[in-house]
Trainee: 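Dropping a structure here in structure tokens format, bear with me for questions.
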Amino acid sequence: MKSKLINSEEFKAIILENRAREIHELSQQRFWGHVIVYGEAGIGKTALLEAFAAKNPVGYLNTTFLRGHEIEMNETLLAPFLISRLRRPNMNAFPELLVIDDFDQILSKSIREKVATMLKEGRHLGYRVILSAKQQINEKVFESNAHVLRLRGLNETDVRRLADFFGERSDKYPDVVMTVRDMLAEHQGNPAMIISHLLMLVTPDDFLYRNPLIIDELERPAIILEHTPPLITELRLVNQRILDRIGRRPEAVRELSPRQFEELVAELFMEKGYHVELTQQTRDGGKDLIIMNRSDIGNFMVYAECKHYRPDRPVGVDVVTQLLGRINFDRATAGMVVTSSYFSPDARDFQSQIEHQMSLIDFAKLSSMIETSSKKYPS
């Protein structure tokens, strides 16, 4: 159902309607010159350029679509655009279009210089160039010879339309649909992040991501510190390589054992700079992790309870109330419940009354944390 949904005309229409202004702006640049499209990862640069090229823009003789890494590996792909202006008469009337997606994947200085030359001479040689990049291109020659287009996220109306589109086709519980909808606002209109969470609504529950390499590495013996405290064991079992692989497919979290799930959560908070202690596997009265932060304004201690549940099993209010009782008894600063599932409405209602003492992290938010972590250390 996932593939059928993404490829449906109705879905594509929602996305393209949001980019109608950008497509029009790209079309207008035929009369001016080249374009650089900037946007963060997942904002839809590739989808926009592919859609624009597929429209077979009026006024272009033909369109060539290349990826940055393809040119980095084979710079002869640029050869047709570096030949003499005598190659074809009346070239300015119907220029050719070269699209280079992910230009920042081109690391070779000589190739980047050739592309810069193309931007400087393209109008006289009968072609236009459109580049896409995640971050601003350092060489000034590029922006001085091109129109800059910065992609923004989807607007609130289209985010709601997408949520309705997926919600109407979902076979999940209403609580799951509402939880996913609530998470969409946190991604500032980033289409990739929004769609990845909406796909949770139409992905079969029995679908599990199985990667033997991940499972094999996670099952290796733990590395325990030489001086182990009697009640607390500090561990770092999930290395960045595994975290990066899971980051590309957060569904892999569902393959972990409950203990491995706790270790993954611990690793995520250690990467944020917190001191994290993982309690012994014997039950400790409502806390799996102790997260500590020391700063000039004071010391903070947060108890975290990890619930590795099936996607269709919500975490109820009783888990939250029990953790709150432990926090108050031990005089900890705050608490947090992290789950591979979602929270029931009564759990969320209760948390809203003590939001300064309790945080709830469901699968959607956890996936976002994992993806952010994996982007910091690309494999």
Side-chain angles (χ1 to χ4, degrees), residues 19 21-153 190-192 375-376 378:
R19 295 304 187 195
R21 181 186 65 81
E22 287 84 354
I23 290 177
H24 176 73
E25 190 169 345
L26 287 174
S27 300
Q28 292 300 305
Q29 292 309 310
R30 186 193 78 79
F31 304 104
W32 189 88
H34 315 296
V35 184
I36 301 176
V37 179
Y38 288 123
E40 65 181 18
I43 203 68
K45 300 184 298 298
T46 299
L48 171 67
L49 296 182
E50 287 179 342
F52 180 70
K55 286 175 65 68
N56 190 21
V58 176
Y60 289 108
L61 186 67
N62 55 54
T63 300
T64 301
F65 196 106
L66 299 174
R67 312 282 185 183
H69 71 272
E70 296 174 338
I71 299 173
E72 177 74 12
M73 297 175 63
N74 181 13
E75 64 179 284
T76 61
L77 294 171
L78 297 178
F81 298 91
L82 294 170
I83 62 178
S84 168
R85 63 175 294 175
L86 299 177
R87 63 195 178 117
R88 179 169 45 80
N90 199 25
M91 57 190 68
N92 284 323
F94 297 99
E96 297 182 34
L97 174 63
L98 170 63
V99 178
I100 302 179
D101 190 28
D102 289 327
F103 175 75
D104 32 20
Q105 292 179 348
I106 299 178
L107 305 179
S108 168
K109 182 179 178 181
S110 64
I111 297 179
R112 292 174 74 95
E113 289 175 348
K114 289 179 180 178
V115 177
T117 299
M118 291 167 57
L119 264 67
K120 288 188 289 185
E121 302 179 358
R123 293 197 66 183
H124 304 294
L125 297 181
Y127 55 80
R128 305 288 186 268
V129 179
I130 299 178
L131 308 177
S132 80
K134 295 182 183 69
Q135 299 179 342
Q136 186 165 348
I137 301 173
N138 292 329
E139 299 92 326
K140 293 182 179 179
V141 64
F142 286 94
E143 290 192 10
S144 62
N145 287 278
H147 172 74
V148 172
L149 175 60
R150 300 185 187 277
L151 283 193
R152 298 179 180 178
N190 185 296
K375 288 174 185 176
K376 288 170 57 180

Trainee: Could you tell me whether Lys114 and Glu75 have a side-chain N and a carboxylate O separated by less than 4.0 Å?
Mentor: yes
Trainee: Quick check for you: to the nearest 0.5 Å, what is the distance between Ser108 atom OG and Met73 atom CE?
Mentor: 13.5 Å
Trainee: What's the spacing between Asp104 CG and Arg112 CZ if we round to 0.5 Å?
Mentor: 7.5 Å
Trainee: Would you check, one step at a time, whether the test side-chain contact (heavy atoms from CB on, under 4.5 Å) holds for Leu78 with Ile111?
Mentor: CA-CA 9 Å; Leu78 297 178; Ile111 297 179; 4.1 Å; yes
Trainee: What distance do Phe65 atom CZ and Thr46 atom OG1 have between them, rounded to the nearest 0.5 Å?
Mentor: 6.0 Å
Trainee: Taking atom CG of Leu98 and atom NE2 of His34, what is their separation to the nearest 0.5 Å?
Mentor: 10.0 Å
Trainee: Which pair of heavy atoms, one from Pro191 and one from Arg19, lies closest together, and at what distance?
Mentor: CG-NH2, 4.3 Å
Trainee: Minimum heavy-atom separation for Tyr38 to Ile137, with atom names?
Mentor: OH-N, 3.0 Å
Trainee: Just by modelled atom types, is the Val35 backbone N or O under 3.5 Å from a matching donor or acceptor in the His147 side chain?
Mentor: no
Trainee: Any side-chain heavy-atom pair from Arg150 and Gln136 closer than 4.5 angstrom?
Mentor: yes
Trainee: Hey, does Met118 have a side-chain heavy atom less than 4.5 Å from the side chain of Leu82?
Mentor: yes
Trainee: Leu49 versus Leu26: any side-chain heavy-atom pair under 4.5 Å?
Mentor: yes
Trainee: If only atom types and distance count, is the side chain of Lys45 paired as donor or acceptor with the main-chain N or O of Gly39 below 3.5 Å?
Mentor: yes
Trainee: Under a 4.0 Å N-O cut-off, is there an ion pair linking Glu50 with Arg67?
Mentor: yes
Trainee: Testing Leu149, Asp101, Leu151, Ile100 for side chain to side chain contact (heavy atoms under 4.5 Å, CB included) with Ser132, which one passes?
Mentor: Asp101
Trainee: Within this structure, what is the CD1-CD1 distance for the pair Ile106 and Ile71, rounded to the nearest 0.5 Å?
Mentor: 4.0 Å
Trainee: Could you tell me if the ring centre of Tyr127 sits under 6.0 Å from that of Tyr60?
Mentor: no
Trainee: Using every non-hydrogen atom in the two residues, find where Ala53 and Thr63 come nearest and quote the distance to one decimal.
Mentor: CB-CG2, 4.0 Å
Trainee: Do Gln28 and Glu25 come close enough that some side-chain heavy atom pair is under 4.5 Å?
Mentor: no
Trainee: Show the nearest heavy-atom pair for residues Ala116 and Val141, with the distance to one decimal.
Mentor: CB-CG1, 3.6 Å
Trainee: Quick one: does Glu96's side chain get under 4.5 Å of Phe81's, heavy atoms only?
Mentor: yes
Trainee: What heavy-atom pair brings Pro95 and Arg128 nearest, and what distance separates the two atoms?
Mentor: CB-NH1, 3.9 Å
Trainee: Checking Glu70 against Leu77 for the side-chain contact (heavy atoms from CB on, under 4.5 Å) test, could you report, in this order, the C-alpha distance in whole Å, the side-chain angles of both residues, the deciding distance, and whether it holds?
Mentor: CA-CA 8 Å; Glu70 296 174 338; Leu77 294 171; 4.0 Å; yes
Trainee: Is any side-chain heavy atom of Val99 closer than 4.5 Å to a side-chain heavy atom of Thr64?
Mentor: no
Trainee: Under 3.5 Å, is there a donor-acceptor pair between the side chain of Asn145 and the main chain of Lys140?
Mentor: no
Trainee: Less than 4.5 Å apart, side chain to side chain, heavy atoms only: is that true for Ile130 and Phe52?
Mentor: yes
Trainee: Is it true that Gln135 and Glu40 share a donor-acceptor pair across their side chains at a distance under 3.5 Å?
Mentor: no
Trainee: Report yes if the side chains of Leu97 and Asn62 come closer than 4.5 Å at any heavy-atom pair, otherwise no.
Mentor: no
Trainee: Spell out, as yes or no, whether a donor-acceptor pair under 3.5 Å connects the side chain of Glu72 to the backbone of Leu107.
Mentor: yes
